[in-house]
Amino acid sequence: MDAIGTLLARLFRAMVGVALTLASQAQAQAQGHAGAHAPCVGTDFSCAASITTQVDDRGVVWRVGATGGRIWLIRSADGGRHFSAPVLVAQHDAALDTGSDTRPQLLSDGAGRVLVAYGVFRDRRYNAQLMLARSTDDGRSFMPPRPVWPESASQRFPVLALGPGGVVVLAWIDKPSAEAAVPQATVSWAWSDDGGRQFSRPRVLSDQACECCRLALAQADGPPSWPWLMFRQVYAGDERDHAVTALEPNGASTLHRVSEDRWALKGCPHHGPALASSAGGVLHAAWFTQGQARQGLFHARSVDGGQTFSQPVAVGDPERQAGRPALVAQGGQVWMAWKEFDGRDVSVWVQHSVDGGRRWGAPRALFRTRSPAGHPQLLMIEGRPWLSWMSREHGHPLLPLSGRNAP
Amino acid sequence: MTARPACPRMTHRRQVLRVLMAAALTGALTVACRPGMAAGSGTRVFDAGAFARFRKSRAGRPFVVQLWGLSCPVCRSDLPVWAAQQRARADLDLVLIQTDAAPPEAVDEVLMARGFQSVTSWTFAQEADEHLRASIDARWHGETPLTLMVGRDGRITRHAGPLPPARLLAWLDEQGQRR
């Protein structure tokens with residue numbers, strides 16, 4: 001080859017080398033933090049990134065998961081050891097409102113009626129419509145989902161629980177107007193005594209609630225009574241602290257401020273609370289705050305049905321973003337779970353109290369992962385506490401926290 | 001003696017063509033991989049390394065990061081204020097990072113409707129998980145709006161909630177005096 005040809009050939013090889021380097025850098029960027037954990041690309045339950053687990057009065061364990069715009073359901077008749085093939089509950093493609101904070105919600109009344117509640121986006125401004133999918137054959141099939149109240153501008157973050165006599169209780173955050181400049185919303189609730197076919201007229205618990213916050217609904221443990229609801233209220237001075245109320249179908253519900261954290265934020269905290277009840281009107285609350293009085297994850301208990309709460313106690317390591325709490329209680333036994341992050345790995349922690357939440361045992365880490373992970377959920381199955389969780393690395397673990405097979 | 005395979009001799013014209021094509025490919029990759037894409041090219045998808053790359057590209061120069069969300073009404077109503085600030089102050093290097101799982105075109109639509117003609121803009125396009133949040137600010141738990149003013153010396157001033165314009169102007173003036 002002549003000199004010009006050699007030069008051109010070398011120039012070409014150099015250009016190709018630079019291009020390959022840039023391309024591999026771009027690929028490394030695209031992989032991002034997920035590292036070796038490639039996205040799950042299926043549209044079946046195994047790819048669900050958003051999971052809720054429930055158990056009904058018969059001990060049947062239910063799991064609903066959202067993936068690829070679809071909601072799937074599986075059920076177990078042997079306490080969570082084996083699950084059925086997935087049943088498709090609903091399909092809304094990109095419009096499905098789903099994520100760790102908007103997991104589809106499920107309720108089985110133990111008499112063959114199963115309800116799944118979730119949101120579907122109406123527009124690109126995060127206005128959503130609350131949808132209910134109903135099964136009357138114990139979850140084998142679902143009727144086409146329907147909107148319950150199409151009139152309001154936006155409904156998100158539904159929560160479900162059972163009330164006295166098997167009444168279905170549904171609560172959600174409602175926005176009267178899509179373009180309201182004032183970032184407040186109402187927290188509304190309704191009930192159904194026919195398994196979710198028809199609901200009562202919605203009751204408004206608060207019209208000064210934080211719109212971009214979350215709800216926690218605690219089903220009563222023990223003698224039948226109506227559930228308790230916890231949500232972030234906008235108090236004077238834009239202070240977004242949590243309130244708890246006992247749902248009262250016949251009278252006005254009273255809001256009780258859980259603590260004076262004084263998180264004055266003209267904006268969206270996003271971070272949701274946890275609430276559990278045990279017999280005798282004892283309530284356990286856990287929440288995240290960046291208030292003037294305290295910052296981090298906290299727990300408090302109430303022995304008078306939510307009217308007053310104990311002094312908040314810090315939970316987890318605030319230097320590691322302790323947050324996303326979960327709670328379950330039975331009698332004097334209380335379990336709490338939360339997440340932490342050390343800059344590289346997400347970890348799931350649990351701690352246990354045997355005296356109704358006054359004192360706690362040493363926290364222990366159950367999982368650690370670098371892959372994307374959801375928020376922990378706790379529930380009682382066959383009288384034992386179980387943890388339900390999702391991570392791309394671990395899948396959808398469901399494991400007991402005490403007794404045989406506990407970690 | 002090893003026999004050399006017979007290769008057709010490439011003309012200079014073809015070689016020049018190859019070099020030009022390789023140069024075009026390299027140029028395209030350089031543009032696509034550059035951190036902090038120049039204004040006017042639309043919202044880009046954020047990844048856990050994007051902020052570090054962006055800071056490196058701005059080393060020694062002050063810039064302001066606004067963390068906001070489509071699901072955050074206060075954030076949306078605050079955007080026109082930022083658009084006005086950007087027009088008024090040539091020394092404001094503004095970066096918008098949208099933190100909901102919204103695609104770029106949804107973010108662009110809102111930005112244009114709120115008065116931005118061109119701005120450096122990213123979207124998480126996925127859940128605001130621990131990794132993405134910590135890649136920007138280790139103390140940020142996801143609340144919005146949050147403003148991070150990154151000074152010449154790399155020091156960060158944080159403000160949660162809508163930033164009063166006077167505070168931004170005072171900070172910009174102070175950064176200008178430090179030059």
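In what follows, chains are A, B, ... by sequence order, proteins preceding strands, each numbered from 1. Here the structure is a predicted model, which means the values were calculated and not measured.
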Ignoring hydrogens and geometry, is there a side-chain-to-backbone donor-acceptor pair from B:E127 to A:G99 under 3.5 Å? no

Can you tell me which portion of B:A138 sits under 4.5 Å from chain A's heavy atoms? Options are side chain, backbone, both or neither. backbone

Identify the two heavy atoms, one from B:E105 and one from A:R124, that lie closest to each other, and give their separation to 0.1 Å. CG-NH2, 3.3 Å

In Å and rounded to the nearest 0.5 Å, what is the NZ to OG distance from A:K266 to B:S77? 10.0 Å

If only atom types and distance count, is the side chain of B:H131 paired as donor or acceptor with the main-chain N or O of A:D345 below 3.5 Å? no

Quickly, which of B:P73, B:C75, B:S71 forms a side-chain contact (heavy atoms from CB on, under 4.5 Å) with A:C268? Name it, please. B:P73

Short side-chain donor-acceptor distance under 3.5 Å, A:Q321 and B:R139: no

Turns out that what part of B:D100 lies under 4.5 Å from chain A's heavy atoms comes down to both

With side chains defined as the heavy atoms from C-beta onward, is the minimum distance between B:L70 and A:R125 less than 4.5 Å? no

Chain B interface, residue from A:H271, A:H270, A:R156 that has the most non-hydrogen pairs under 4.5 Å: A:H270

Check whether B:W140 gets within reach of chain A through its side chain, its backbone, both or neither, counting any heavy atom under 4.5 Å. backbone

Of the non-hydrogen atoms in A:L8 and B:H12, which two are nearest, and what is the gap between them? CD1-O, 4.0 Å

Could you tell me whether the side chain of B:R133 reaches within less than 4.5 Å of the side chain of A:F341, counting heavy atoms only? no

Using non-hydrogen atoms and a 4.5 Å limit, figure out which bit of A:Q290 sits close to chain B: side chain, backbone, both or neither. side chain

For A:R10, is it the side chain, the backbone, both or neither that has a heavy atom under 4.5 Å from a heavy atom of chain B? neither

Rounded at 0.5 Å granularity, tell me how far NE2 in B:H141 sits from CD in A:Q295. 10.0 Å

What do you reckon, is CD of A:E319 surrounded by more than 12 foreign heavy atoms closer than 6.0 Å? no

Rounded distance [0.5 Å steps], CD in B:E143 versus CZ in A:R240: 12.0 Å

Residues B:G161 and A:L265: closest non-hydrogen pair is N-CD1, 3.8 Å

Can you tell me if CZ on B:R158 sees more than 12 non-hydrogen neighbours from other groups inside 6.0 Å? yes

Heavy-atom cut-off 4.5 Å, strictly under: side chain, backbone, both or neither for B:V16 against chain A? both

